[in-house]
Amino acid sequence: MKKEEIKELSIQELQARIEASEKAYRELKVAHAISPVDNPSKITKDRREIARLKTVLRQKEIAAQAKASEENN
């Protein structure tokens, strides 16, 4: 998933995508521990995608907090 596509998602969509990605990542790690997976670089790619999703989610949360505090002042 590209950065632009990630930034277009809403906070709820990001949270759902993170949850699904983390579940798939954990399953891949377990499968890799039992027997080597065909493409071990997928583990790294999945981990980095989760990090990207979490980064964008945090940016959106901070922006929402800043907007709320500006409205209160």
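Quantities reported herein were computed from a predicted structural model and do not represent experimental measurements.
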Q.
My understanding is that a hydrophobic cluster links ILVMFWY residues whose side chain heavy atoms are under 4.5 Å apart, including indirect links. Using that, what else belongs to the cluster containing Tyr25?
A. Leu28, Val37, Ile43, Ile50
(Q) Which Ile, Leu, Val, Met, Phe, Trp or Tyr residues join Ile34 in one cluster when any pair of side-chain heavy atoms under 4.5 Å counts as a link? (A)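 Result for Ile34 is Val30.
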Q) Which pairs pass salt bridge (charged side-chain N to carboxylate O under 4.0 Å, His left out) with one or both residues in residues 50-66, sequence neighbours excluded? A)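 Matches after skipping sequence neighbours: Glu22-Lys54, Arg58-Glu61.
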Q.
I need the full list of salt bridge (charged side-chain N to carboxylate O under 4.0 Å, His left out) pairs touching residues 30-48, with sequence neighbours left out, sorted by first then second residue.
A. Lys42-Asp46
Q. For Gln59, which residues count as a side-chain hydrogen bond (donor to acceptor under 3.5 Å, both in side chains) partner, sequence neighbours excluded?
A.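 With neighbours one apart ignored, the set is empty.
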**Q.** Counterpart residues, side-chain hydrogen bond (donor to acceptor under 3.5 Å, both in side chains), relative to Ser35 (two or more places apart)
**A.** none
Can you give me every donor-acceptor pair (side chain of residues 3-19, partner residue at least two apart or in another chain, under 3.5 Å) with its distance?
from	atom 1	to	atom 2	distance (Å)
Glu5	OE1	Lys2	N	3.2
Ser10	OG	Glu13	N	3.3
Ser10	OG	Glu13	OE1	3.4
Glu13	OE1	Ser10	N	2.8

Q.
Looking at every non-hydrogen atom in both residues, tell me the closest pair between Ser69 and Ala66 and how far apart they are.
A.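 Minimum heavy-atom contact is OG-O, 2.9 Å.
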